[in-house]
Amino acid sequence: MKKKLIFIGGPMGVGKTAVCQHLKARLPKCVFLDGDWCWDADPFLVTEQTKAMVLDNICHLLNNFLRCPAYETVLFCWVMHRQEIIEEILNRLDTEGIQISLFSLTAEKSALKARLEKDIRAGLRDAGVIRRSLERLPLYGQLSTIIIDTTGKSVEEVSREIYARLPDFSRA
């Protein structure tokens, strides 16, 4: 079976991590990397140096997963709101013989805002996330990815929709 690399992008709060955790259990010999894990710092600083560092971290881990014969499927999620981000990561990976699938999760503004407000009330996110997430939302329509609207859908429904669009998986 050909090794697969699956990217799942989307704004904060759209459900990327939850969907990936669900997919990880369903996809064969799957390893999952959330790009946020490569940049979990306090204070969280966005500088040229930290942006370069997180890309190095992501690419290093993804290349290691792609080279490891124990895994057939490498699943990666991150915000990835610009095509240049996706291309930079892909250009730094050894993808020869790898089947690549690119997805972006979106949601209606009101649904995304409601999800984020729930996270804010629970203390999981800061209040500024709503503005940042809603600003990025329209950018996903400009990407060369398969767009999946998560509005009103469960994690399981979104996972099934992604799975159905993946090539060469058995449809058991």
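Basis for what follows: all heavy atoms, side chains included, without hydrogens, waters or symmetry-related copies. Fair warning: this is a prediction, and the values are worked out from it, not measured in the lab.
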Between T17 and D34, does the side chain to side chain donor-acceptor pair (under 3.5 Å) criterion hold? Intermediate values first, please.
CA-CA 7 Å; T17 302; D34 186 324; 2.5 Å; yes
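Here the side chains of V31 and T73 are not in contact, with every heavy-atom distance at 4.5 Å or above. Between E72 and C30 the shortest side-chain heavy-atom distance does not fall below 4.5 Å. At a threshold of 4.5 Å between non-hydrogen side-chain atoms, the residues I6 and V74 do not count as touching.
Here R92 pairs with D56, E88 under the salt bridge (Lys or Arg N to Asp or Glu O under 4.0 Å) rule; sequence neighbours left out. Residues forming a side-chain contact (heavy atoms from CB on, under 4.5 Å) with K118 (at least two apart in sequence, or on another chain): R121. Not counting sequence neighbours, the partners of R132 by the salt bridge (Lys or Arg N to Asp or Glu O under 4.0 Å) test are D126.
Note that R165 lies outside the cation-pi zone of F103, set by a 6.0 Å cut-off to the ring centre and a 45° limit from the axis.
Salt bridge status for R160 with E156: absent, with no side-chain N to carboxylate O gap under 4.0 Å. The residues K153 and E161 are annotated as salt-bridged, a charged nitrogen and a carboxylate oxygen being separated by less than 4.0 angstrom.
For W78 and F7, the ring centers sit 6.0 Å or farther from each other.
Put simply, the side chain of S104 never gets that close to the backbone of I147: no donor and acceptor are under 3.5 Å apart.
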